[in-house]
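Below is one structure. I have some questions about it.
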Amino acid sequence: MADIILGIESSCDDTSAAVLRDGVLLSNVIASQQVHKDFGGVVPELASRAHEQNIVPVVSEALRKAGVAPEDLTAVAFTRGPGLLGSLLVGTSFAKALSLSLDIPMVMVNHLQGHILANFVRQPDKPVDEPEFPYLCLLVSGGNSQIVKVKSPLDYEILGQTIDDAVGEAFDKCSKMLGLGYPGGPVIDKLAKLGDPNRFHFAKPNIPGLDYSFSGIKTSLLYFVRDEMAKDPEFLEKNKEDLCASFQKTLIDILMQKLIRAAKETRIRQITIGGGVSANSGLRERLVAEGKKRGWKTFLPEFKFTTDNAAMIAVAGWFRYKAGERTPLDVAPVSRMADY
Ligand code: KG4
């Protein structure tokens, strides 16, 4: 009998549900919340309320699009953490209610594991192109920056990670500083395409091993802009594109330098990226270019699987389900989740 998995994702400000049959995606519905736009960031209380409103219609729509009745489901996979507690509580409670009422098991998923396995979302009528184990994943999002050695679908080793801010945070905070809005990544990405990446130079951190640091570059940009504005109050407006292009290039240089080192040290040549920042066009181009130069096989998740989505949660849940994992009904969501 086929395994039909319902995935539920509610860790931040996207309510998403997806249906997977034996690893093939039948539907993936995402409701993004607009209520945060005016606040320059996600407001946790508003996020959980919006999840409450969205969860029933989003799950119903995912089942309808997949042509699957609730009774057909084999298991329900859900994001347990990390994320906003109130948001996670909505998805977790919904998964529990479904599990109880349909008498099917539930399987918890670490949200980051979903990003790491995003390349395993199989789609009907699309050729399968998946990394071989072990591979390296550059996991870059609003809350994390890690280089992960993926030994099998459920066995990971974190080779390096940020010691302070995540790279997505650097994009978001600097965008706010430059008055460009939230979320910063997509705006900076767009403006960077119009600018000169070699015009300005920002100090890069010198961190041992494969770890990252992104807090210094924020300060570097802040002081640079402040000093230039003192000389010319229109500096920012006149140089927005070049500033974004140069800032983005610096972040990509930092990310790639350690990734290249990790690939050399581990001799692994299957490289993937995941997480919200993996949507960045500059990073994607650079990864492909470095891959060509160094004989890597690179894998870029489709844009729709880079930001938060339940398809990746359903895939991770399916792997865990097949490995025999079951989550008890008394599970609680967690805002931090160190273990995969
Ligand atoms: O993975 P994600 O959707 O949420 C979590 O953090 O879990 O990542 C969100 C982050 C934000 O910091 C956002 O600015 C960044 O991903 N992001 C981008 C781009 N699109 C989203 N950063 C750079 N370039 C982009 N095109």
* **Nearest non-hydrogen partners of Ser278 and Leu283, listed with the distance** =>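 Looking at all heavy atoms of both residues, the shortest contact is CA-CD2, 4.4 Å.
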* Is it true that a side-chain atom of Ser48 and a backbone atom of Gly86 form a donor plus acceptor pair closer than 3.5 Å? ->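 Such a contact is absent between Ser48 side chain and Gly86 backbone.
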* ring-ring contact (aromatic ring centres under 6.0 Å, His included) partners of residues 293-319, not counting sequence neighbours, each pair once ->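 For residues 293-319, and leaving out neighbouring residues, the ring-ring contact (aromatic ring centres under 6.0 Å, His included) pairs sorted by first residue read Phe120-Phe319.
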* Look only at the side chain of Asn54 and the backbone of Ala50, and say whether a donor-acceptor pair between them is shorter than 3.5 Å. =>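 Judged by distance alone, yes, a pair lies under 3.5 Å.
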* Not counting sequence neighbours, which residues clear side-chain hydrogen bond (donor to acceptor under 3.5 Å, both in side chains) with Lys204? List them please. =>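 Partners of Lys204 by the side-chain hydrogen bond (donor to acceptor under 3.5 Å, both in side chains) criterion, ordered by chain and then number, come out as Asp253.
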* To do: Salt-bridge test for Lys173 and Asp165: reply yes if a basic N is under 4.0 Å from a carboxylate O, no otherwise.
  =>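 A salt bridge is present here (some side-chain N lies under 4.0 Å from a carboxylate O).
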* Asked: With a 4.0 Å cut-off, would you call Arg122 and Glu130 a salt bridge?
  ->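 Answer for the salt bridge query: yes.
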* Asked: Taking the side chain as C-beta and beyond, is there a heavy-atom pair between Leu236 and Met229 under 4.5 Å?
  ->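 Yes, close enough: below the 4.5 Å cut-off.
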* Donor + acceptor pair across side chains of Ser16, Asn309 (<3.5 Å) ->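 Looking only at side-chain atoms, Asn309 and Ser16 do not form any donor-acceptor pair under 3.5 Å.
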* Has Lys151 got more than 12 heavy atoms of other residues, nucleotides or ligands less than 6.0 Å from its NZ? ->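 Above 12, so yes.
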* Between Thr266 and Ala262, is there a donor-acceptor pair closer than 3.5 Å when you use the side chain of the first and the backbone of the second? ->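 Yes: the side chain of Thr266 pairs with the backbone of Ala262.
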* To do: Check whether Leu210 and Ile273 end up in the same hydrophobic cluster, where Ile, Leu, Val, Met, Phe, Trp and Tyr are linked by side-chain heavy atoms less than 4.5 Å apart.
  =>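 In one cluster: yes.
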* **Over all atoms of both residues, closest heavy-atom pair of Pro131 and Asn119** =>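 Scanning both residues completely, I find the closest heavy atoms to be CD-CB, 3.9 Å.
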* Asked: Given the rule in the side-chain contact (heavy atoms from CB on, under 4.5 Å) test, do Leu255 and Val167 qualify, once you have shown the distances and angles that lead to the verdict?
  -> CA-CA 9 Å; Leu255 288 172; Val167 63; 4.1 Å; yes
* If you draw a 6.0 Å radius around CG in Asp103, do more than 12 non-hydrogen atoms from other residues or ligands fall strictly inside? ->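 Not buried by this count: 12 neighbours or fewer within 6.0 Å.
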* Asked: Counting distance only, does the side-chain N/O of Arg320 pair as donor-acceptor with the main-chain N or O of Met108 below 3.5 Å?
  ->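 Yes: the side chain of Arg320 pairs with the backbone of Met108.
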* Asked: Which heavy-atom pair separates Leu6 from Leu98 by the least distance, and what is that distance?
  ->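 So the minimum-distance heavy-atom pair works out to CD2-CD1, 3.3 Å.
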* Gln248 and Asn280: CA distance, side-chain angles, deciding distance, side-chain hydrogen bond (donor to acceptor under 3.5 Å, both in side chains) verdict -> CA-CA 9 Å; Gln248 179 173 294; Asn280 184 268; 3.0 Å; yes
* To do: Please test Ile8 against Val76 for side-chain contact (heavy atoms from CB on, under 4.5 Å), starting from the C-alpha separation and ending with a verdict.
  => CA-CA 8 Å; Ile8 295 177; Val76 52; 4.0 Å; yes
* **Chi angles and distances behind the salt bridge (Lys or Arg N to Asp or Glu O under 4.0 Å) call for Glu302, Lys126** => CA-CA 12 Å; Glu302 275 184 46; Lys126 288 209 175 162; 3.1 Å; yes
* Following the transitive rule for hydrophobic clusters with a side-chain heavy-atom cut-off under 4.5 Å over Ile, Leu, Val, Met, Phe, Trp and Tyr, establish whether Leu84 and Val90 coincide in one cluster. =>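 The answer is no; the residues belong to distinct hydrophobic clusters.
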* Search all heavy atoms of Asp13 against all heavy atoms of Val42 and return the closest pair with its distance. =>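 Of all heavy-atom pairs spanning Asp13 and Val42, the closest is OD2-CG2, 3.6 Å.
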* Is there a chain of hydrophobic side chains (I, L, V, M, F, W, Y, each step under 4.5 Å between heavy atoms) that links Ile252 to Val140? ->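 Yes, one cluster joins them.
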* **From Met337 atom CE to Ser11 atom OG, the distance as rounded to the nearest 0.5 Å** =>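 Atom-to-atom, Met337:CE and Ser11:OG are 11.5 Å apart.
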* Polar side chain donor-acceptor pair, Tyr212 to Gln146, under 3.5 angstrom ->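 Short answer, no.
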* Distance, nearest 0.5 Å, that separates CD1 of Ile207 from CZ of Phe214 ->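 With rounding to 0.5 Å, CD1 (Ile207) is 10.0 Å from CZ (Phe214).
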* Asked: Hey, what do you get for CE (Met177) to CG (Leu222), rounding to the nearest 0.5 Å?
  ->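 Here the interatomic distance stands at 4.5 Å.
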* Between His111 and Asp308, a side-chain donor and acceptor under 3.5 Å ->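 Yes, a side-chain donor-acceptor pair sits under 3.5 Å.
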* **Salt-bridge contact Lys238-Asp232 (side-chain N to carboxylate O under 4.0 Å)** =>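 Yes.
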* Taking atom types as modelled, find out whether Ser10 and His51 have a side-chain donor-acceptor pair closer than 3.5 angstrom. =>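 Their side chains do not contain a donor-acceptor pair, so the 3.5 Å distance test is not met.
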* Roughly how far, to the nearest 0.5 Å, is the CD1 atom of Ile271 from the CD1 atom of Ile147? ->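 Here the interatomic distance stands at 9.0 Å.
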* Main-chain N/O of Leu191 paired to Glu241 side chain as donor or acceptor, under 3.5 Å ->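 Checked: no pair found.
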* In terms of heavy-atom contacts, does CG of Asn206 have more than 12 from other residues, nucleotides or ligands at under 6.0 Å? ->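 Check fails, neighbour count at 12 or below.
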* Asked: Short question: side chain of Ser175, backbone of Phe171 - any donor-acceptor pair under 3.5 Å?
  ->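 Flag not set: sc Ser175 to bb Phe171 has no pair under 3.5 Å.
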* To do: Please say whether more than 12 non-hydrogen atoms of neighbouring residues, nucleotides or ligands are located less than 6.0 Å from NZ in Lys96.
  =>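 Count over threshold, so yes.
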* To do: Find the distance between OG (Ser101) and CD (Glu71) and round it off to the nearest 0.5 Å.
  =>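 Interatomic distance, Ser101 OG to Glu71 CD, rounded to 0.5 Å: 9.5 Å.
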* Would Met312 and Val58 show up in the same hydrophobic cluster when neighbours are defined by side-chain heavy atoms closer than 4.5 Å? ->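 Unlinked, Met312 and Val58 end up in two clusters.
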* Asked: Between the side chain of Ser335 and the main-chain N/O of Gly81, is any donor-acceptor distance below 3.5 Å?
  ->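 No; judged by distance alone, with no hydrogens or angles, the pair does not exist.
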* Could you verify whether a donor N or O on one side chain and an acceptor N or O on the other, from Asp14 and Ser32, lie under 3.5 Å apart? =>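 Yes - a donor-acceptor pair under 3.5 Å links their side chains.
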* Go through the steps for His201 and Thr250 under the test side-chain contact (heavy atoms from CB on, under 4.5 Å), then give the verdict. => CA-CA 8 Å; His201 298 277; Thr250 312; over 6 Å; no
* Would you check if the side chain of Ser141 reaches a backbone N or O of Gly275 as a donor-acceptor pair within less than 3.5 Å? =>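 Judged by distance alone, no pair lies under 3.5 Å.
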* Could you tell me whether the side chain of Asp172 and the main chain of Gly184 form a donor-acceptor pair under 3.5 Å? =>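 Flag set: sc Asp172 to bb Gly184 pair under 3.5 Å.
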* Salt-bridge test for Glu228 and Lys231: reply yes if a basic N is under 4.0 Å from a carboxylate O, no otherwise. =>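 A salt bridge is present here (some side-chain N lies under 4.0 Å from a carboxylate O).
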* Asked: Step by step, would you call Phe133 with Asp155 a side-chain contact (heavy atoms from CB on, under 4.5 Å)?
  -> CA-CA 10 Å; Phe133 300 100; Asp155 187 8; over 6 Å; no
* Asked: Are Val334 and Val109 co-members of a hydrophobic cluster defined by side-chain heavy atoms under 4.5 Å apart?
  ->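 Hydrophobic grouping puts Val109 apart from Val334.
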* Just by modelled atom types, is the Asn239 backbone N or O under 3.5 Å from a matching donor or acceptor in the Asp242 side chain? ->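 Not at all, since once roles are kept as given, no pair shorter than 3.5 Å links the two residues.
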* To do: Quick one: closest heavy-atom pair of Val43 and His36, and the distance?
  =>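 Reported closest heavy-atom pair: N-ND1, 3.0 Å.
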* **Nearest heavy atoms of Glu9 and Cys12, plus distance in Å** =>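 Closest approach of Glu9 to Cys12: OE2-N, 4.3 Å.
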* About how many Å separate CG of Asp3 and CG of Leu73, when rounded to the nearest 0.5 Å? ->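 So the CG of Leu73 and the CG of Asp3 are separated by 11.5 Å.
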